[in-house]
Amino acid sequence: MAEELQHSQRSHFNGLTKPAKPAASRKLVIKNFKDRPKLTDSYTEDTWMKLRDAVSAIQNSTSIKYNLEELYQAVENLCSYKVSPLLYKQLRQVCEDHVQAQILHHTESLDNLSFLKKMNRCWQDHCRQTIMIRSIFLFLDRTYVLQNSLLPSIWDTGLELFRTHIISDGAVQSRTVEGILEQIERERNGETVERSLLRSLLGMLSDLQVYKDSFEQRFLMETNRLYAAEGQRFMQDRDVPEYLHHVAQRLEEENDRVISYLDQSTQKPLIATVEKQLLEEHMSAILQKGLRILLDENRVCELTLLYELFSKVKGGLTALLQAWREYIKSFGAEIVSSPERDKEMVQELLDFKDKMDHVMQRCFQRNDSFINAMKEAFESFINKRPNKPAELIAKYVDSKLRAGNKEATEEELERILDKIMIIFRFIHGKDVFEAFYKKDLAKRLLVGKSASVDAEKSMLSKLKHECGAAFTSKLEGMFKDMELSKDIMIQFKQYMQNQSDPSNIELTVNILTMGYWPSYTPMDVHLPTEMVKLQEVFKLFYLGKHSGRKLQWQPTLGHAVLKTEFKEGKKELQVSLFQTLVLLMFNETEEFSMEEIRTATGIEDDELKRTLQSLACGKARVLNKTPRGKDVEDGDSFQFNSDFRHKLFRIKINQIQMKETVSV
């Protein structure tokens with residue numbers, strides 16, 4: 001028995017907890033029947049008086065006169081003589097009388113905090129006393145009470161008495177709850193409170209089974225009122241990033257309160273209340289006021305927080321998804337619909353896509369719905385302006401694949417092409433892209449200005465994978481033509497070496513299959529006699545090997561290198577065939593009129609004007625124009641500029657291009 005008594009005492013000193021009920025099968029019996037005293041009224045009365053004195057000493061926190069083991073044995077003796085019902089009834093009455101005497105009177109003068117501390121002391125004393133009393137009457141609790149299921153245990157009796165006579169008192173309960181709510185409000189306002197006091201008092205309400213009815217309903221109502229007002233005020237006074245951090249902080253604080261002193265059952269309704277008043281009620285305002293700013297400024301931290309917070313409330317992610325989609329459409333439309341931004345359109349689109357991808361991965365957890373919304377938004381805005389994006393993407397690819405592009409290594413170029421293909425997928429007018437891409441590819445191949453054959457074939461492979469073999473069959477045919485032309489030219493050079501009258505002009509011819517290449521407008525120009533003669537030699541050579549075929553010369557695609565002598569010295573000019581025909585005229589005389597040049601070359605008017613403009617009005621002015629000016633008119637005359645100077649030996653004079661599309 002001594003071991004059990006010591007255990008009960010230890011549980012008192014280690015903390016106030018509800019004692020566990022023993023297993024029903026456990027029985028305590030008197031070991032030595034001869035030692036049991038005879039039952040008399042006098043013995044029963046004396047024993048009860050001894051036990052009552054001990055209980056009174058415990059309740060009044062005074063010393064107990066008797067040995068605890070002796071008291072335990074006395075209870076066991078009484079129970080053995082079948083007086084357990086009377087003993088249980090008398091013990092309950094003594095405890096009830098004491099609890100009734102503890103009703104908190106004359107507390108009106110105390111402030112709320114002092115009242116809470118007094119209430120807590122009363123509760124702690126009651127728990128400590130109940131545990132001590134139970135340790136003495138343990139035999140009664142484990143035999144008679146256990147065998148009568150309708151009777152509450154000594155611990156439960158203590159709770160029942162405290163609930164009935166103290167906490168159910170209207171004034172006491174009201175002041176206790178009001179005091180707790182006041183302390184929580186103070187803490188929410190930034191003050192430091194005694195959390196251990198709140199934890200003890202709220203634990204009391206929970207143990208007494210009045211937590212939900214007396215406290216939780218009021219607490220949630222006050223929480224709702226507080227955060228409704230705070231949400232309205234903060235949305236007006238603070239910017240969205242600051243507001244989001246405030247909401248996150250408030251949620252963290254409330255979760256911490258649950259951990260520190262609130263009952264665990266309060267967590268779900270409490271957090272739902274905070275989320276409703278600080279987030280759900282202001283979703284539209286948050287998105288309208290702040291989403292564009294967050295995305296424009298690439299505020300990754302706040303965007304991540306926004307996604308996390310909106311994922312907590314009903315309809316939050318749906319609202320964010322819609323706003324995200326509209327932002328992409330709006331921002332993208334600004335890029336695509338502004339003609340003044342055409343030069344940078346494709347690069348801006350690539351940068352914008354990279355930025356949105358980054359937000360998607362870092363902030364929106366690669367949510368499939370958001371990924372699909374982004375694709376839909378890009379496809380929507382990029383096709384608002386028909387044809388132009390397709391043309392500019394083709395031009396952008398041309399700028400990257402053209403020789404002289406030193407911006408990227410092969411690996412970087414491959415990554416750029418991959419990104420371009422992502423933008424390309426959004427375009428509806430892929431036939432427009434194909435037309436411009438084919439035209440630019442033709443120039444790169446015919447002029448030998450392709451940066452890398454591997455890069456060209458890689459791009460072709462990407463287009464084939466994206467659009468199918470039919471889309472790229474003609475483009476692949478262009479490459480085959482170039483490879484066959486190289487073989488033909490090797491044979492032609494060998495053929496020319498066996499001629500009795502070799503030409504001093506080195507001729508290179510590319511044989512193009514008409515169905516593969518862009519359509520070129522035929523133009524009859526007046527070539528010098530030596531060029532015509534060389535053409536006939538090649539024609540004879542080629543048709544001798546491929547009878548039945550027809551050759552059609554395309555002067556618009558021709559180019560030449562001219563050796564020219566200026567006062568500064570000899571230079572080489574890399575020019576188009578049209579520029580060549582004009583410049584060769586100045587071997588005869590120093591000056592020609594516009595009409596004379598037109599008649600001599602046979603070049604049609606618009607093409608001739610662009611040609612003369614490139615020679616006389618561009619950066620490399622190998623001709624002088626009278627009168628001076630940027631435009632070429634019918635009455636102008638042109639003179640060879642023998643004073644021309646340039647730091648390079650070989651100078652490329654670019655032909656001024658005809659505008660290919662009208663801006664939409």
Side-chain angles (χ1 to χ4, degrees), residues 446-447 496 499 501-509 520-539 552-658:
L446 294 175
V447 185
M496 288 298 292
Q499 295 297 307
D501 185 19
S503 173
N504 59 355
I505 300 175
E506 185 179 339
L507 176 66
T508 300
V509 180
Y520 300 104
T521 304
M523 186 184 299
D524 290 328
V525 294
H526 305 155
L527 298 177
T529 305
E530 195 165 353
M531 284 189 183
V532 174
K533 181 181 177 182
L534 200 53
Q535 278 186 345
E536 291 300 321
V537 172
F538 179 81
K539 184 177 180 181
Q552 182 180 15
W553 298 93
Q554 291 289 350
T556 54
L557 302 180
H559 57 275
V561 176
L562 296 180
K563 294 181 179 179
T564 314
E565 194 167 336
F566 300 98
K567 290 181 180 179
E568 184 188 41
K570 292 182 179 180
K571 300 283 186 184
E572 288 186 354
L573 302 180
Q574 191 173 343
V575 290
S576 70
L577 180 60
F578 294 150
Q579 291 170 330
T580 301
L581 298 180
V582 172
L583 291 175
L584 288 176
M585 290 180 63
F586 290 90
N587 283 331
E588 306 298 329
T589 185
E590 291 290 323
E591 183 173 354
F592 290 96
S593 67
M594 171 81 168
E595 183 58 34
E596 289 172 331
I597 296 174
R598 182 187 297 116
T599 302
T601 62
I603 302 172
E604 62 94 16
D605 281 1
D606 290 339
E607 191 67 55
L608 180 59
K609 285 182 179 180
R610 287 193 294 272
T611 300
L612 289 170
Q613 196 174 17
S614 66
L615 296 172
C617 307
K619 292 182 179 179
R621 299 185 180 184
V622 294
L623 298 181
N624 291 325
K625 184 176 82 74
T626 306
R628 292 181 177 275
K630 292 184 178 180
D631 296 322
V632 173
E633 305 295 343
D634 287 343
D636 292 348
S637 61
F638 299 86
Q639 306 85 34
F640 181 71
N641 182 14
S642 58
D643 295 324
F644 174 76
R645 293 176 178 272
H646 202 284
K647 61 181 180 180
L648 299 178
F649 175 71
R650 175 172 283 194
I651 305 146
K652 182 174 182 356
I653 303 179
N654 292 318
Q655 180 82 7
I656 293 176
Q657 299 297 314
M658 179 174 58

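Source: prediction; values computed, not measured.
Using modelled atom types, no side-chain atom of H646 and backbone atom of K571 make a donor-acceptor pair closer than 3.5 Å. Under a 3.5 Å cut-off, the side chain of N641 and the backbone N or O of N624 do not form any donor-acceptor pair. Not one N or O on the side chain of H559 forms a donor-acceptor pair closer than 3.5 Å with the backbone of L577. In this structure, the side chain of Q613 does not engage the main chain of G618 through any donor-acceptor pair within 3.5 Å.
With contacts defined as side-chain heavy-atom distances shorter than 4.5 Å, the pair P555/F578 qualifies. The closest side-chain heavy-atom distance from L581 to H526 is not below 4.5 Å. Looking at heavy atoms from C-beta onward, V561 lies out of side-chain contact with L573 at the 4.5 angstrom threshold. Using a 4.5 Å heavy-atom cutoff, the side chains of M523 and E604 are in contact. Under the 4.5 Å side-chain criterion, counting only non-hydrogen atoms from C-beta, M585 is in contact with I597.
For the atom pair CD (E572) and CG (L648), the distance works out to 12.0 Å, reported to the nearest 0.5 Å. To the nearest 0.5 Å, atoms CG (L615) and CZ (R610) are separated by 13.5 Å. Taken from CD in Q535 to CD in E530, the straight-line distance is 12.5 Å, to the nearest 0.5 Å. Within the model, atoms CG of L527 and CG of L584 stand 10.0 Å from one another, a figure rounded to the nearest 0.5 Å.
For A616, the side chain to side chain contact (heavy atoms under 4.5 Å, CB included) partners are L623, K625, F638, not counting sequence neighbours.
Under the 3.5 Å distance criterion, with hydrogens and angles disregarded, no donor-acceptor pair is assigned to the side chains of Q639 and E590. There is no side-chain donor-acceptor pair under 3.5 Å between T611 and Q579.
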Check the pair L612 / M594 against side-chain contact (heavy atoms from CB on, under 4.5 Å), numbers first and verdict last.
-> CA-CA 9 Å; L612 289 170; M594 171 81 168; 3.4 Å; yes

side-chain contact (heavy atoms from CB on, under 4.5 Å) evaluation trace for T626 with D636 | CA-CA 6 Å; T626 306; D636 292 348; over 6 Å; no

Stepwise side-chain contact (heavy atoms from CB on, under 4.5 Å) check, L534 with V532 = CA-CA 5 Å; L534 200 53; V532 174; over 6 Å; no

Stepwise, does the salt bridge (charged side-chain N to carboxylate O under 4.0 Å, His left out) test hold for D634 with R598?
-> CA-CA 10 Å; D634 287 343; R598 182 187 297 116; 3.4 Å; yes

For the pair K533 and E536, evaluate salt bridge (charged side-chain N to carboxylate O under 4.0 Å, His left out) and give the outcome as yes or no after the intermediate values.
-> CA-CA 5 Å; K533 181 181 177 182; E536 291 300 321; over 6 Å; no

Carefully, step by step, assess K570 and T564 under the rule side-chain contact (heavy atoms from CB on, under 4.5 Å).
-> CA-CA 6 Å; K570 292 182 179 180; T564 314; over 6 Å; no

Verdict with reasoning, F640 to F566, per ring pair (Phe, Tyr, Trp, His ring centres under 6.0 Å) | CA-CA 10 Å; F640 181 71; F566 300 98; 5.3 Å; yes

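Nearest heavy-atom pair across I653 and S614 is CG2-O, 3.7 Å. Of all heavy-atom pairs spanning G629 and C617, the tightest one is O-SG, 3.3 Å. Residues V622 and L583 share a closest heavy-atom pair of CG2-CD2, 3.9 Å. Considering every non-hydrogen atom in both E568 and R645, the closest pair reads OE1-CA, 3.5 Å. Of all heavy-atom pairs between P522 and Q554, the closest is CA-OE1, 4.4 Å. F644 and R621 make their closest contact through CD1-O, 3.5 Å (heavy atoms, listed as atom of the first residue, atom of the second, distance).
Counting non-hydrogen atoms of neighbouring residues, nucleotides and ligands closer than 6.0 angstrom, the CG atom of D524 reaches no more than 12 such neighbours.
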